[in-house]
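Worksheet for the structure shown next.
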Amino acid sequence: MEVGFISHMPDSIDFAVQRVYPDSYHDYCCKNIVEKIRASTGNNTVVEQLFWKTCKTYIVSDFYGSLNTLQNEANGNDLHWLDNIAISKWVYLFFPKVRFTVKFVDIPDVVNWIMTNRNEFPITTIIQMVHDFMQVNFTGGFHGLLTPYALKVLQKIFINSDGCRVRHIVGDRYEVSKYLTTESVQLDRGICTCRKWQKYGIPCHHAIASLQRLEIEEIQLMVNYKLTTAVYRNAYQTEMVNPIPNLMHWEIPVESVVVLPP
């Protein structure tokens, strides 16, 4: 089973992921990197915007062009630490798999929210609350084929597809132009030369423009199956995420084992 982690940047997290899940993919939260960029540049919004543009590139030539612009703009600011972070950790283009396949869930924020409102409870009860919260709020209201996250992204892509000029090449191949760029779409393979479809698992606006003749239900079927309601609900069902038993039912080992932090 493929496992991917997106976390803040502490070395201890990276070390722990490599030790426990050596075959997994580990990426850094770009919002966390942006917070550090703000602190290093004195809230320079131009540098921040250039970082996001570089982060969200999907073609190699675009990446190096954006990175060069970012480095020139950040000249004089203390951003040398960014050079020490592997680009596979923060650039969408170089992340080896689809970066988000279900939905981004900021577990620390969820825990902080619950602890703020229920700080008198023991940690086991709080973890149980997180379990219940995720099951009820993340799956209980899901209806239809796709998750609300996927539907929201798909809706934005439909809007972005407005103004595209589509030329049919042959079979399932199309050439789509917008502004000064032209991309090639292969619907049968689920790919586009802009590479966004491959990275997000959701048809890009070039593909959507080529699919306008289809019904919305047919277009939803072309979204990566990992973004479906069925897969998401299965990820958080009770059989997969076991509730914590009452303290009286805990199994106490005969020999104590000391587990050191990473």
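If you're wondering where the values come from, they're calculated on a predicted model, not measured in any experiment.
A distance-only check finds a donor-acceptor pair linking the side chain of K199 to the backbone of L93 [under 3.5 Å]. A donor-acceptor pair under 3.5 Å links the side-chain atoms of K178 to the main chain of N160, judged by distance alone. Without hydrogens or angle criteria, Q198 side chain to C192 main chain gives a donor-acceptor distance under 3.5 Å. Looking only at distances, no side-chain donor or acceptor of T57 sits under 3.5 Å from a matching main-chain atom of K53. At distances below 3.5 Å, at least one donor-acceptor pair connects side-chain atoms of T193 with backbone N or O atoms of S184. Side-chain atoms of N72 come within 3.5 Å of backbone atoms of N68 as a donor-acceptor pair (strictly under, hydrogens ignored).
When side chains are defined from C-beta on, L187 counts as touching W197, because their heavy atoms get closer than 4.5 Å. At a threshold of 4.5 Å between non-hydrogen side-chain atoms, the residues L70 and L82 count as touching. The shortest distance between side-chain heavy atoms of W52 and K31 falls below 4.5 Å. Residues Y200 and V153 have side chains not in contact (no heavy-atom distance under 4.5 Å, counting atoms from C-beta outward). With contacts defined as side-chain heavy-atom distances shorter than 4.5 Å, the pair M9/I85 qualifies. Within the 4.5 Å cutoff, the side chain of P203 has no heavy atoms near those of the I157 side chain. At a threshold of 4.5 Å between non-hydrogen side-chain atoms, the residues R38 and E48 count as touching. Contact of the D83 side chain with the Q71 side chain is registered, since non-hydrogen atoms from C-beta on lie closer than 4.5 Å.
More than 12 heavy atoms of other residues, nucleotides or ligands sit less than 6.0 Å from atom CZ of F94. Atom CG of D162 sits in a sparse spot, with 12 or fewer heavy atoms from other residues, nucleotides or ligands closer than 6.0 Å. In F5, the CZ atom is crowded: over 12 heavy atoms of neighbouring residues, nucleotides or ligands sit closer than 6.0 Å. With a 6.0 Å radius and a threshold of 12 heavy atoms from other residues, nucleotides or ligands, R213 has its CZ atom above the threshold.
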- [ ] Could you go through the side-chain contact (heavy atoms from CB on, under 4.5 Å) check for Q212 and S161 one step at a time?
- [x] CA-CA 9 Å; Q212 291 288 1; S161 68; 3.4 Å; yes
Open item on the list: What verdict does the side-chain contact (heavy atoms from CB on, under 4.5 Å) test give for T228 and V223, after you've listed the backbone C-alpha separation in whole Å, the side-chain angles of each residue and the deciding distance to 0.1 Å?
Closed with: CA-CA 8 Å; T228 61; V223 174; over 6 Å; no
Task: Step-by-step side-chain contact (heavy atoms from CB on, under 4.5 Å) determination, I33 to W81 - done: CA-CA 10 Å; I33 298 178; W81 52 269; 4.0 Å; yes
TODO: Evaluate the side-chain contact (heavy atoms from CB on, under 4.5 Å) criterion for residues F158 and I219: first the C-alpha distance (whole Å), next the side-chain angles of each, then the deciding distance (0.1 Å), finally the verdict.
DONE: CA-CA 11 Å; F158 265 101; I219 295 177; 3.6 Å; yes
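Distance check: L146 CG to L227 CG gives 7.5 Å after rounding to the nearest 0.5 Å. Here the CD atom belonging to E35 is positioned 11.5 Å from the OG atom belonging to S40, to the nearest 0.5 angstrom.
In this structure, V91 is a member of the same hydrophobic cluster as Y64, with clusters built from ILVMFWY side-chain heavy atoms closer than 4.5 Å.
Among all heavy-atom pairs drawn from I202 and L154, the shortest one is CG2-CD1, 3.7 Å. Across C164 and V176, no two heavy atoms sit closer than the pair CB-CG1, 3.7 Å. Taking each heavy atom of L67 and W90 in turn, the nearest pair found is CD1-CH2, 4.4 Å.
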